[in-house]
Amino acid sequence: MKVVIVGGVAGGATAAARIRRLNEQAEIVVFERSGYISYANCGLPYYIGGVIEDPEDLTLQTPESFFSRFRIHMKVHHEVTAIHPDSKTVSVKNLETGEIFEESYDKLLLSPGAKPVWPNLPGMNSDKLFTLRTVEDTFRIKEFVDQQRPKSAVMVGGGFIGLEVAENLRELGMEVTIVQRPKQLMNPFDADMASFIHSEVRKHGVKLALGYSVEGFAEKNNGVEVLLKDQPSIHADMVVLAIGVTPESSLAKEAGLALGMKGSILVNNRMETSVPDIYAVGDAVRVKHYVTGEDTLIALAGPANKQGRIAADNICGGDSRYLGSQGSSVIKVFDMTAATTGINETNARRSGLDVDTVILSPMSHAGYYPGGKLMTMKVVFEKETYRLLGAQIVGYDGVDKRIDVLATAIHAGIKATDLKDLDLAYAPPYSSAKDPVNMAGFMIDNISNGLKQWHLSDAANLPRDGSVTLLDTRTVGEYSRGHIDGFRNIPVDELRERIDEIEPGKRVYVICQSGMRSYIATRILEGYGFEAYNFAGGFRFYDAVMNDRALIEAAFACGMDK
């Protein structure tokens, strides 16, 4: 059996190695148009920032090492220019010599990846504009930074790559501005949770221009003017575009393979395309979202690796199935860690799901052990069924392990109420006896048993006419430092003695700093016959989100985020 693979990195290189492990006699040829067959794609921004110092550390495997271990022919600087399904051949161009030749196959695997979006805007030909997708892109940016010593940069796009590059350029001492059309960074997060990311980015001196649309670029004063719609332009010494990627599917299209959303290659759960003996994996393929079952594109290394393994199994006569992509991801944002899995509240509602959320602010480990840090967790679940749909966490320690527990729970089909029953490891330096994941489960279990909540989205519409009672149960000092208009202060520890101050027959909407004291207050109130609602998130959460929204809106008035 002869297998030809188009493209390396996560999907193609993984498949090649797996095929060899399953079939020692197979002839395997990989064509990669770049000069690198297997590299640490996710590490590229950190080479630009000098965190990774040796460029060779980015290279996971070389053609020589691959052949030495697996006897696989890795042909770099070779571009497959056409697929001929009828004759089971591909046309290949040697980019170093210009030679064009035909290569036959019994099985063909496409792993072409995705390409950065390169918008059709004025000024796109400037040599001070960059994208980051390949090792060559990285070297080009690094060379410009080392030689030109730019003092300022604009990142167009605030997703994973945009944020990581912005951080690394800022760590080099540059003045960095992120321009983003949506009014938030990191769209996998809900806007409320993104507020904490915005705060961390601002704290480290990165300016945010959120809700701004880029209309073009113009070279001026040895730099680039980033032209914005209805706003003053921003001048920078360099610009990095990170506004998304699109599937690299031109080969598949020309060969007559069926395509899906945004030109992605259609595959079944065996990673087979619409043409016999042709498989496809990675960022170029359409997949099913594991939670919603909807068609989606998820350009992450984890899914690409799994898909490469599954395709290899099936090429070798097995029957492996890809169950779908869940979108689990984590990112370092300066000192903060932000992580997500499943779907967020926004997308859940967009999909027509009837959902609820809990928001909590637990410590990363036992409060009495030194060094604990707050994290903010948002867990999304379906009403009635309590199906666990997704989670988002931002914090400083312990974020990654909690998101992995929640990702596992979603994959296993564990109900949100059952998070309380998970037996998780505990020692004071690492966790609490009631782990944050357990705490989320306790909260959801309380809701399933009748506890009522109110949310940030309800705050502006709460009556201030006296028809309901608005109650802040923090200390007098906390209340005096900031509170929501219309809320009166009765500290929770005084509530029983002052219960006569609350008018019977009226609903009571309760808030505290994190949600714990207000929860206790709602239980007290229920014990006295009141209908009480606990705020999801606490005043800390409310204040962070509202301050962020005010900064974003103020940016339109003054022309730039401060």
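Between Tyr479 and His483, the ring planes are parallel. Angles under 30° get that label, and only those over 60° would be called perpendicular. Taking the six-membered ring where the residue is Trp, Tyr290 and His411 present parallel rings, their angle staying beneath 30° rather than reaching 60°. Ring geometry, Tyr542 versus Phe535: the interplanar angle exceeds 60°, so the pair is classed perpendicular (tilted spans 30 to 60°).
With respect to Val117, the side chain to side chain contact (heavy atoms under 4.5 Å, CB included) criterion is satisfied by exactly one of Thr131, Ile243, Val156, Val245: Ile243.
By the 4.5 Å heavy-atom criterion applied to side chains, Met174 and Val145 are counted as neighbours. Phe217 has its side chain within reach of Met124: a pair of non-hydrogen atoms, C-beta onward, lies under 4.5 Å apart. Side-chain contact between Leu132 and Ile48: present, with at least one pair of heavy atoms (C-beta onward) separated by less than 4.5 Å.
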Inset, instruction - Please lay out, stage by stage, how Val399 and Met336 fare under the test side chain to side chain contact (heavy atoms under 4.5 Å, CB included). - result: CA-CA 9 Å; Val399 169; Met336 176 179 277; over 6 Å; no

Inset, instruction - Apply side chain to side chain contact (heavy atoms under 4.5 Å, CB included) to Ile393 and Leu406, showing your working. - result: CA-CA 10 Å; Ile393 312 177; Leu406 289 161; 4.1 Å; yes

Inset, instruction - Apply the test side chain to side chain contact (heavy atoms under 4.5 Å, CB included) to residues Glu143 and Arg140: give CA-CA distance (whole Å), side-chain angles for both, the deciding distance (0.1 Å), then the verdict. - result: CA-CA 5 Å; Glu143 182 180 15; Arg140 181 170 168 246; 5.6 Å; no

Inset, instruction - Kindly indicate, with the supporting measurements, whether the criterion side-chain hydrogen bond (donor to acceptor under 3.5 Å, both in side chains) is fulfilled by Arg402 and Ser431. - result: CA-CA 10 Å; Arg402 271 63 185 227; Ser431 186; 3.1 Å; yes

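For the atom pair Ser329 OG and Met186 CE, the distance stands at 6.0 Å (nearest 0.5 Å). Between atom CD of residue Glu79 and atom CG of residue Leu251 there is a gap of 7.5 Å, rounded to the nearest 0.5 Å.
Using a 4.0 Å cut-off between charged side-chain N and carboxylate O, Arg170 and Glu167 make no salt bridge.
In this structure, Lys306 is not positioned above the aromatic face of Tyr322 in the sense of NZ or CZ being under 6.0 Å from the six-membered ring centre and within 45° of the axis.
Counting non-hydrogen atoms of other residues, nucleotides and ligands closer than 6.0 Å to CD of Glu171 gives a total above 12. Annotation: Asn222, atom CG; neighbour count of heavy atoms from other residues, nucleotides and ligands within 6.0 Å does not exceed 12.
Side chains of Asp190 and Gln392: a donor-acceptor N/O pair is present below 3.5 angstrom, by distance only.
In summary, the aromatic rings of Tyr369 and Tyr430 are positioned with their centroids too far apart to meet the 6.0 Å limit.
Using modelled atom types, no side-chain atom of Thr177 and backbone atom of Leu208 make a donor-acceptor pair closer than 3.5 Å.
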